[in-house]
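Data first, discussion second: the structure below is written as structure tokens.
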Amino acid sequence: MDMAVVELSRLQFALTAMYHFLFVPLTLGLSFMLVIMESIYVITKRPIWRVITRFWGKLFGINFVLGVATGLTMEFEFGTNWAYYAHYVGDIFGAPLAIEGLMAFFLEATMVGVMFFGWDRLGRVQHLMVTFLVALGTNLSALWILIANGWMQNPVGATFNPETMRMEVTDFSAVLFNPVAQAKFVHTVSAGYVCAATFVMGVSAFYLLKGKWTNVARRSMMVAAAFGLASSLSVVVLGDESGYTLTDNQKMKLAAIEAMWETEPAPAAITLVGLPDVAARTTHFAVKVPYVMGLIGTRSLTGKIDGIEELVLRADGRIHSGLIAYDAVERLKVNRTDLAARAAFEAHKQDIGFAMLLKRYVADPRRADDKLILKAAWDTVPNVPVMFFLFRGMAALGFGFIAFFGMAFYCASACQFSKRWFLKLAVVMIPLPWIAIESGWVLAEIGRQPWAVDGVLPTFLGASSLTVPQVWATIFGFTALYGTLAVIEIRLMIAAIRKGPIEHHELTAQAQGFAPLPAE
């Protein structure tokens with residue numbers, strides 16, 4: 001496999017995913033915020049809450065279109081740029097994506113139209129149910145996608161079949177209730193809720209600074225303050241749960257995040273700051289807090305967290321074990337009735353993916369010597385400095401959001417959002433959730449390397465047989481297309497924000513007995 005093609009294919013998929021994560025978090029969060037706002041309208045019957053819901057619904061709709069477009073492209077890329085990956089694990093990976101399309105995408109795609117065009121055709125409670133179904137569909141979509149991604153991180157419920165030379169499902173319930181997938185889902189959607197709450201808070205603060213639509217702005221900020229505080233607390237708590245799942249399922253990722261080169265006596269300390277040195281395999285200027293990492297990672301004072309060097313030696317052993325399984329598969333290709341080869345394969349089949357790491361260096365892994373095997377074992381270490389700094393930046397933003405929404409919650413009751421310094425801070429905060437979410441995605445995916453599916457399929461084996469010019473052409477094409485769409489979307493969002501919440505029609509309003517709402 002041409003490594004240039006592999007790296008370019010990774011770049012293309014990373015860019016597509018980056019575009020996707022620019023739009024999806026806001027869609028996830030705004031959908032349930034619309035449910036809250038419309039519920040208040042249904043309960044109180046106050047027209048201003050209808051205006052509020054319709055205004056934020058318009059921004060939700062603009063963002064929804066781009067989220068769908070980028071998500072569809074990502075799914076097609078598995079077939080175009082990662083053909084062997086799609087062939088090798090498609091039986092498992094494709095099932096959650098198919099269910100996502102049938103269960104979630106059709107639901108939200110159908111109901112979103114009813115939500116926008118059904119305001120004057122449905123009763124208040126009926127329209128609220130439609131809005132709820134849109135929110136349910138967007139979050140179910142995230143669930144099934146993260147079940148698929150969670151399986152890539154922790155491939156449970158499947159095994160390699162030497163007769164078909166593919167991975168096949170053995171227990172779909174294990175795939176569905178994968179602990180990594182469940183932790184990723186609740187953490188990811190909570191981050192999306194924080195993103196939406198920050199966006200609503202920032203836009204509303206902009207209105208208050210300009211003295212425009214203050215009735216709408218203050219009420220929106222009150223909803224965003226409560227929703228954002230609960231969501232930001234959830235992100236940190238559920239992020240801790242994600243760290244706990246790494247201890248059992250992705251030990252190397254956890255060790256890389258902590259730049260823990262050697263196994264420490266239990267309970268391990270957490271490194272607050274430091275400078276990881278890959279060449280020297282140490283972390284310079286490390287400032288550590290005793291016991292904390294052991295408590296986070298094992299929920300005990302006696303649990304051990306393995307260091308990078310110990311995990312590399314363990315990978316070395318698994319490569320040797322995988323070579324036995326690889327040799328058995330080659331013998332079974334010649335003679336499917338070879339009982340000795342079948343027994344050897346069954347005993348070592350869990351490690352066959354590690355043997356395939358050697359294909360980066362030799363065509364036949366069985367020809368590798370111990371030096372080459374150790375080199376392949378060190379390939380299982382992701383980029384430690386990137387992991388170390390990204391995690392700390394993301395964690396700092398997470399605690400920053402808690403502080404911000406704590407202040408917002410206080411301001412809602414103490415000063416009715418009259419402090420201009422806080423309003424300016426709210427506007428400045430708008431882009432920070434996207435930075436945190438993109439950092440989290442990069443952290444999760446770089447931490448899985450060198451695997452496309454952890455312990456099962458190396459990334460460099462999953463790419464399609466394309467040429468470098470072909471991949472560059474698609475990279476430029478997708479970048480130009482989505483760059484243009486992103487500019488269009490941002491301009492539409494800005495135009496809608498400048499126009500403000502004057503969505504309602506004067507004639508309809510008068511017919512129902514209320515007039516258009518003034519700024520104050």
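What you see is a predicted model; the values in this text were computed from it and never measured.
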Check: Trp451 ring centroid to Phe354 ring centroid under 6.0 Å: yes

Stepwise side-chain hydrogen bond (donor to acceptor under 3.5 Å, both in side chains) test for Ser231 and Ser190: CA-CA 5 Å; Ser231 301; Ser190 295; over 6 Å; no

For Leu26 against Ala196, the heavy-atom pair lying closest together: CD1-CA, 3.7 Å

Ionic contact status for Lys251 with Asp454, cut-off 4.0 Å: no

Rounded distance [0.5 Å steps], OG1 in Thr131 versus CZ in Phe32: 11.5 Å

What donor-acceptor contacts under 3.5 angstrom involve side-chain atoms of residues 102-112, with partners at least two apart or in another chain?
from: Thr110; atom 1: OG1; to: Phe106; atom 2: O; distance (Å): 2.7

Trp56/Phe60 aromatic ring centres below 6.0 Å: no

Arg10 with Glu445: basic N within carboxylate O range, under 4.0 Å: no

Nearest heavy-atom neighbours spanning Met252 and Pro382: CG-CD, 3.6 Å

With sequence neighbours excluded, residues passing side chain to side chain donor-acceptor pair (under 3.5 Å) with Trp151: none

Where Val6 and Thr459 come nearest, the two heavy atoms and their spacing: CG1-O, 4.3 Å

Ile52 and Tyr41: CA distance, side-chain angles, deciding distance, side chain to side chain contact (heavy atoms under 4.5 Å, CB included) verdict: CA-CA 9 Å; Ile52 292 171; Tyr41 168 59; over 6 Å; no

Nearest heavy-atom neighbours spanning Leu8 and Ile475: O-CD1, 3.5 Å

Arg299 atom CZ, neighbour heavy-atom count above 12 within 6.0 Å: yes

Test side-chain contact (heavy atoms from CB on, under 4.5 Å) applied to Ile430 - qualifying residues, sequence neighbours left out: Phe199, Trp434

Smallest separation among heavy atoms of Tyr193 and Asn139, with atom names: OH-OD1, 2.8 Å

Residue list, salt bridge (charged side-chain N to carboxylate O under 4.0 Å, His left out) with Glu489, at least two apart or on another chain: none

Minimal non-hydrogen separation, Ile402 against Leu229, with atom names: O-CD1, 4.0 Å

Sole candidate of Ile437, Val194, Ile435, Val235 that passes side chain to side chain contact (heavy atoms under 4.5 Å, CB included) when paired with Leu397: Ile435

Pairs involving residues 473-482, ordered by first then second residue, that meet side-chain hydrogen bond (donor to acceptor under 3.5 Å, both in side chains) (sequence neighbours left out): Gln12-Thr474, Thr73-Tyr482

Axial cation check for Phe117 ring with Arg121, 6.0 Å and 45° limits: no

Intermediate values then yes/no, salt bridge (charged side-chain N to carboxylate O under 4.0 Å, His left out), Glu38 and Arg54: CA-CA 9 Å; Glu38 190 169 354; Arg54 285 171 67 92; over 6 Å; no

Set of residues satisfying side-chain contact (heavy atoms from CB on, under 4.5 Å) with respect to Ile145, sequence neighbours excluded: Leu97, Glu100, Ser141

Other residues, nucleotides, ligands: >12 heavy atoms within 6.0 Å of Tyr84 OH: yes

